[in-house]
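Each chain gets a letter, A, B and so on, in the order the sequences are listed, and its residues count up from 1.
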Protein chains: 2
Amino acid sequence: MASARRPERDPTRPVYVISVAATLVEAHPRTLRIYEDEGLVCPARTPTNIRLYSEEDIRRILWIRHLTRDRGVNLAGVRTLFELEERLGKRILEALYDEGTREHGGDRESRAATAATPRPADDPEPSR
Amino acid sequence: MASARRPERDPTRPVYVISVAATLVEAHPRTLRIYEDEGLVCPARTPTNIRLYSEEDIRRILWIRHLTRDRGVNLAGVRTLFELEERLGKRILEALYDEGTREHGGDRESRAATAATPRPADDPEPSR
DNA sequence: AGAACCTTGACAATGGCGTTGTCAAGGTTT
DNA sequence: AAACCTTGACAACGCCATTGTCAAGGTTCT
């Protein structure tokens, strides 16, 4: 255990460089840059222009991965969905998970991204 | 008798065979069958299995055309959007049209009444 | 300083999808 | 019978998503 409270773990805080972020979401760094070019993710930058992804950015990318890989939605569809979400001001995308979870048990890695982090997975400190 | 003097022109009433429907939406009949195979449109059938599209079906197809052609969304994206719309129970897609037209209106509740679709030409008189 | 990583930009390959189009063999409508 | 519908198959064109690499240069860490 020893996982005491960590109130200062701000999910908006930019912490991961692109290589780490790519590992976290299981994608190529190239892909993350494409997502940014497409306006789907906007990672922060260091004063010297290095991308830094926050926990929220990671979660957003995981949404993109889910929509594209599992649902076959293309980036234009993702953009439209995000736009809709922004316009309606809600996390409307979560409604999509009422279906994928109540399936026959042939699923591995059941994703439980209901309203919170799919799996906080105590992030390893990027000590390197 | 047994009919209103003014034909209500029920938008759910199946009236167009596939060739006519294809003309209305400017698509190939093949495409409409694909939409049906993908579960995006469900035209009624005559007792002898002939497809009959209603006005609502036509409007739905026009949505698909708009999303795919103008926005670049693929069919998987369209399906997700429709699913979301069904799940949230409203015509959420109309929110997508507030983009190109309005920007900084300043009014609180004036677009609720004008819920019509600007682009796909909701023609009340199909006199083709 | 040097190694390791980041930056943008370009180019390419692979695989998949959207759409249109056609052919066949048969049913329906007029 | 002619014209239209049905399903199913096959194909082609062009676009897209993703991964990958190369180059030339900036940043960070040891």
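- For the residue pair B/Y35/B/R65, the side-chain donor-acceptor check at 3.5 Å is satisfied.
- The residue among B/R33 and B/V73 whose nearest nucleotide of DNA chain C lies closer to the 5′ end is B/V73.
- In this structure a side-chain-to-backbone donor-acceptor pair under 3.5 Å is missing from A/T31 to A/A27.
- Separating the OH atom of B/Y35 from the C1' atom of C/dT20 is a distance of 11 Å, rounded to the nearest angstrom.
- Without hydrogens or angle criteria, B/R71 side chain to A/T80 main chain gives no donor-acceptor distance under 3.5 Å.
- Here the side chain of A/N74 pairs no donor or acceptor atom with the backbone of A/T68 at under 3.5 angstrom.
- Rounded to whole angstrom, the span from the CG atom of A/D70 across to the P atom of D/dT18 amounts to 12 Å.
- The distance from atom CD1 of A/I34 to atom C1' of D/dG20 is 11 Å, rounded to the nearest whole Å.
- Checking D/dT18, C/dT20, C/dC6 against every side-chain atom of A/I18, the shortest atom distance belongs to C/dC6.
- Residue order along DNA chain D, read from the 5' end via each residue's closest nucleotide, puts B/V20 first among B/V20 and B/G72.
- Rounded to whole Å, atom C1' of C/dT19 lies 11 Å from atom CG of B/L32.
- Taking atom CG on A/D37 and atom P on C/dT7, their separation rounds to 11 Å, with Å as the unit.
- With distances taken from any side-chain atom of B/N74 to the nucleotides C/dC17, D/dC16, D/dG20, the minimum falls on C/dC17.
- Rounded to whole angstrom, the span from the OH atom of B/Y53 across to the P atom of D/dC5 amounts to 10 Å.
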Below 3.5 Å between N/O atoms, which protein atoms pair up with nucleotides 25-29 of chain C? Just atom names and distances, please.
| residue | atom | partner | partner atom | Å |
| --- | --- | --- | --- | --- |
| C/dT28 | O3' | B/T48 | OG1 | 3.2 |
| C/dT29 | OP1 | B/T48 | OG1 | 3.0 |

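- Salt bridge status for B/R87 with B/E83: present, with a side-chain N to carboxylate O gap under 4.0 Å.
- Side-chain N/O atoms of B/H28 include none lying less than 4.0 angstrom from OP1 or OP2 on C/dT19.
- Heavy atoms from other residues, nucleotides or ligands lying under 6.0 Å from CD of A/E26 number 12 at most.
- Atom CD of B/E36 is separated from atom P of D/dG8 by 11 Å (rounded to the nearest Å).
- Side chain of A/T68, nearest nucleotide from C/dC6, C/dT22, D/dT18: D/dT18.
- OP1 or OP2 of C/dC6 lies within a sub-4.0 Å distance of a side-chain N or O belonging to A/S19.
- Atom pair A/R45:CZ and D/dT27:P shows a separation of 13 Å (rounding to whole Å applied).
- Comparing A/L75 and B/L52 by the nucleotide of DNA chain D whose heavy atom lies nearest to each, the residue mapping closer to the 5' end is B/L52.
- The side chain of A/R30 lies closest to D/dT19 when the candidates are D/dT19, D/dA9, C/dT7.
- Contact of the B/T12 side chain with the B/D57 side chain is not registered, since no non-hydrogen atoms from C-beta on lie closer than 4.5 Å.
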